[in-house]
Number of protein chains: 2
Amino acid sequence: MTTAKGTAAKGAAAKGTAAKRAAVKGTGRVTIREVAERAGVSVATVSRVLSGNYPVPPATRTRVLRAARALDYVANAHARALVGGGRNTVAVVLRQVTSPFYAQVAEGVEAEAATHGWLCLVGTTGGDPQREMEFVQLMREEGARLVILVGGVVEDDAYRERVARYAEALDAAGSRLVLCGRPAPDPDLPVLVVEFDNEAGARAITGHLLSAGHRRIVFLGGLPGNTALDARVAGYRAALAEHGLSEDAAYVVDCGLGRAAGLRAMTELLQGRREFTAVVAGDDMVAAGALRAIADGGLRVPEDISVVGYNDIPLAEDFSPPLTTVRTPAEELGRAAVRFALRDPEDAAGARHLLGTHIVVRGSVAPVERPS
Amino acid sequence: MTTAKGTAAKGAAAKGTAAKRAAVKGTGRVTIREVAERAGVSVATVSRVLSGNYPVPPATRTRVLRAARALDYVANAHARALVGGGRNTVAVVLRQVTSPFYAQVAEGVEAEAATHGWLCLVGTTGGDPQREMEFVQLMREEGARLVILVGGVVEDDAYRERVARYAEALDAAGSRLVLCGRPAPDPDLPVLVVEFDNEAGARAITGHLLSAGHRRIVFLGGLPGNTALDARVAGYRAALAEHGLSEDAAYVVDCGLGRAAGLRAMTELLQGRREFTAVVAGDDMVAAGALRAIADGGLRVPEDISVVGYNDIPLAEDFSPPLTTVRTPAEELGRAAVRFALRDPEDAAGARHLLGTHIVVRGSVAPVERPS
DNA sequence: AGGGGAAGTTAAAACGTTTTCAGAAGGAGG
DNA sequence: CCTCCTTCTGAAAACGTTTTAACTTCCCCT
């Protein structure tokens with residue numbers, strides 16, 4: 001790593017920036033007072049012009065605006081929020097921004113918030129409940145009006161208690177809690193749930209395999225206790241049942257999510273004695289791992305094994321072969337979370353919105369010649 | 001909410017006002033006043049205990065803490081920031097969070113900020129200068145101490161003027177501007193630049209191809225005016241020159257970045273008459289598009305054409321074949337941006353830090369039997 | 001000519017903290 | 001016993017806005 005100092009040799013590098021700061025005042029920040037003084041009016045008038053929620057005659061108006069422009073006045077958001085009883089802020093809490101799916105949700109939240117002129121704060125937890133709690137606390141101090149918790153989670157007692165505490169605390173402060181893709185521990189809690197219809201999606205994609213003649217289908221990526229995955233597993237089972245398959249036709253590998261998990265689980269599966277012709281992956285990253293394991297095992301997709309994923313991440317069409325998967329419009333999930341929460345403040349207690357998904361057919365599924 | 005009567009033996013007058021206020025406007029938010037009242041002390045004492053920057057005897061201390069706990073008191077961040085002259089905040093501005101590379105940078109910034117106890121705000125622009133300006137303005141109002149602009153950009157006059165304005169405005173307010181992966185328009189400006197050594201990285205990966213015997217190498221994904229890409233092109237040319245190739249051995253396709261651009265440009269290239277055995281892609285997404293185009297064209301990688309990428313995005317090892325690329329530790333870039341900016345406040349004007357990169361060899365490069 | 005609005009403006013009171021300044025209580029030293 | 005620290009605590013003054021209530025003008029109407 002090189003540290004290359006700029007051409008400080010030019011001498012007038014600082015260009016009097018520091019001096020200017022010292023000259024104006026101690027802090028260097030222009031306040032509404034100075035604008036008022038320069039415009040020859042009171043601070044109240046300046047405030048009215050700038051906040052724009054009170055009529056001011058054009059003459060004074062332009063005078064104030066000119067002064068503000070000349071001084072490069074910038075309002076202090078904290079002072080504003082203090083007197084205004086808070087500022088319009090929405091906070092999103094994610095496990096990590098680097099996950100393509102979560103990132104899209106965050107982008108949706110941010111975009112929707114922006115259209116309403118709200119500020120959007122993003123926090124990551126890395127899956128650590130401790131950090132989640134700290135961030136929620138921070139958002140309480142910040143006065144966020146909307147806190148959105150994103151992402152599936154194992155629903156244990158600690159989780160239930162935690163979310164109940166958030167919900168009550170935020171509700172008491174007049175804020176709202178939205179759970180995106182995770183369950184409400186108690187239907188009476190003042191939270192809003194927005195999530196995809198995981199069961200329907202999994203049923204549809206499993207049905208797609210069944211229609212192609214597959215009868216021995218493995219679900220790879222179960223995670224007992226995680227409601228999103230549990231719902232997908234339920235959908236998978238439901239599809240099998242619909243096609244008249246018996247209960248023990250279902251085979252669920254609880255390897256959890258992530259590329260590494262999929263790779264490992266698929267490798268083991270290939271070495272085992274269980275026969276199968278198709279795989280439903282818990283999500284696209286699991287599918288990515290599975291594809292690699294299959295290729296490493298010397299088999300071909302879809303000729304030997306068909307594979308489908310879940311979520312349709314941006315690179316799914318670049319997998320080899322391009323992945324047939326379930327498209328979950330993640331950005332729309334984020335937008336919807338904000339929209340629902342803002343639309344109907346009284347909608348809070350126990351409301352639940354399910355968003356639809358659809359199948360994207362690419363090249364990772366082939367028909368079976370002789371259905372067994 | 002319960003109003004604790006009689007707990008405060010003294011100061012009946014003060015208690016009356018506070019109680020009245022609490023009773024009148026039951027907004028739901030507990031203030032420091034109510035904590036003071038319940039603990040039987042003044043607000044000053046409560047503040048001292050809670051902010052922790054003044055010694056308070058244990059007895060009073062626990063009494064205050066107990067009261068705060070009992071009322072579930074949460075400090076108002078805005079009031080705090082107002083009197084404290086701002087709050088420790090760092091703002092990151094990205095083109096989009098859904099880009100894996102940018103997302104990693106953001107994660108690095110967030111992580112590093114968190115270790116210092118700073119709040120991290122993320123804004124996206126979608127590449128629109130207008131939105132960039134709006135967000136920077138918002139951060140000025142917010143009083144962010146550190147604004148980090150991330151991502152390559154075409155350096156035109158509008159860009160230069162914009163950044164100069166940001167730099168001066170932020171400097172005047174005592175804040176700092178960091179440019180991550182984009183150039184400083186003027187070495188005298190009070191900005192800090194942190195970026196990867198793109199030229200060295202491109203030189204190294206091109207050298208890797210040259211060592212494998214390739215002599216006809218195309219650079220796919222130039223974007224004239226974008227300093228990051230320009231530097232990579234320069235590195236590519238430098239490597240060719242180092243290996244004794246003439247100037248016109250270089251062939252740069254200025255198709256810009258993104259998977260779609262790579263797909264289109266590569267398709268055209270395959271239909272053209274230019275001969276080549278290897279491709280250096282401007283980044284991994286371009287490489288993804290190129291791989292697809294090559295596969296669609298009925299050719300194989302790396303047997304027929306070798307391909308290398310840039311950035312090593314998480315899914316690069318799942319490309320078909322796994323992509324040989326340049327690893328740019330994006331998260332480290334984000335961390336470094338914060339670290340450098342916080343470490344030495346006087347380091348500002350014109351300082352520039354270059355971060356190193358290294359090659360990751362996978363399966364997309366094969367040796368050439370008969371170097372032409 | 002005097003009263004009543006309307007229109008335009010301002011002084012001052014919030015908002016919830018931190019911090020300064022000063023007072024009170026309690027010992028120690030003379 | 002008085003004085004002088006020390007230690008603890010509280011009243012009040014910031015911080016930079018918005019908003020309320022009041023105060024001018026000025027004009028119109030009777």
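Chain naming here is simple, since letters A, B, ... match the order of the sequence lines and numbering starts at 1 in each.
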Nucleotide of D/dT9, C/dT17, D/dT19 approaching B/P57 most closely (side-chain heavy atoms) | D/dT9

Geometric class of the A/H78/B/H78 ring pair [parallel <30°, tilted 30-60°, perpendicular >60°] = tilted

Checking D/dA14, C/dA14, D/dG10 against the side chain of A/V83 (C-beta onward), the nearest is C/dA14

Let me know the distance between CG of A/L82 and P of D/dT19, rounded to the nearest Å.
-> 12 Å

Expressed in angstrom and rounded to an integer, what is the separation of B/R140 atom CZ from D/dG16 atom C1'?
-> 16 Å

Against the side chain of B/Y73, the closest entry in D/dT17, C/dT17, D/dA11 is C/dT17

Rounded to the nearest angstrom, tell me the gap between atom NE2 in A/H78 and atom P in C/dA14.
-> 24 Å

In whole angstrom, what separates B/R80's CZ from C/dC15's P?
-> 19 Å

So what does A/A75 hit on the nucleic acid, given a heavy-atom distance under 4.0 Å: a base, only sugar-phosphate, or nothing?
-> sugar-phosphate

Heavy atoms under 4.0 Å, any strand shown: does A/S51 hit a base, just sugar-phosphate, or nothing?
-> sugar-phosphate

Check the side chains of A/E110 and B/T124 for a donor-acceptor pair under 3.5 angstrom, ignoring hydrogens and angles.
-> yes

Could you please name the option among D/dG16, C/dT17, D/dT9 that lies closest to any side-chain atom of A/T31?
-> D/dG16

Answer with base, sugar-phosphate or nothing: what part of the nucleic acid does B/T45 contact at a heavy-atom distance below 4.0 Å?
-> sugar-phosphate

Rounded to whole Å, the CD-C1' distance (A/E37 to D/dT17) equals 17 Å

Using a heavy-atom cut-off of under 4.0 Å over every strand shown, decide if B/V64 touches base, sugar-phosphate, or nothing.
-> nothing

Of the nucleotides C/dG16, D/dG16, D/dT19, which one has an atom closest to the side chain of A/N76?
-> D/dG16

Tell me: CD of A/E34 to P of D/dG16, nearest whole Å?
-> 9 Å

Run through A/R182, A/R95, A/R165 and flag the one making a salt bridge (charged side-chain N to carboxylate O under 4.0 Å, His left out) with A/E132.
-> A/R182

Gap between atoms CD and P, on A/E141 and C/dC15 respectively (whole Å) = 20 Å

For B/R33 and D/dA12, what is the distance between atoms CZ and C1' respectively, to the nearest whole Å?
-> 11 Å

With heavy atoms under 4.0 Å as the rule, sort B/V35 into base, sugar-phosphate or nothing.
-> nothing

Using heavy atoms to find the nearest nucleotide of DNA chain D for B/P55 and B/A79 separately, return the residue whose nucleotide is more 5′.
-> B/P55

Within 6.0 Å of CZ in A/R61, more than 12 heavy atoms from elsewhere = no

Between atom CE of B/M139 and atom CZ of B/R145, what is the distance when rounded to the nearest 0.5 Å?
-> 14.0 Å

Taking D/dG10, C/dT18, D/dT18 as options, the one with an atom nearest any side-chain atom of B/I32 is C/dT18

From the candidates D/dT19, C/dT9, C/dG16, the one with an atom nearest any side-chain atom of A/N53 is D/dT19

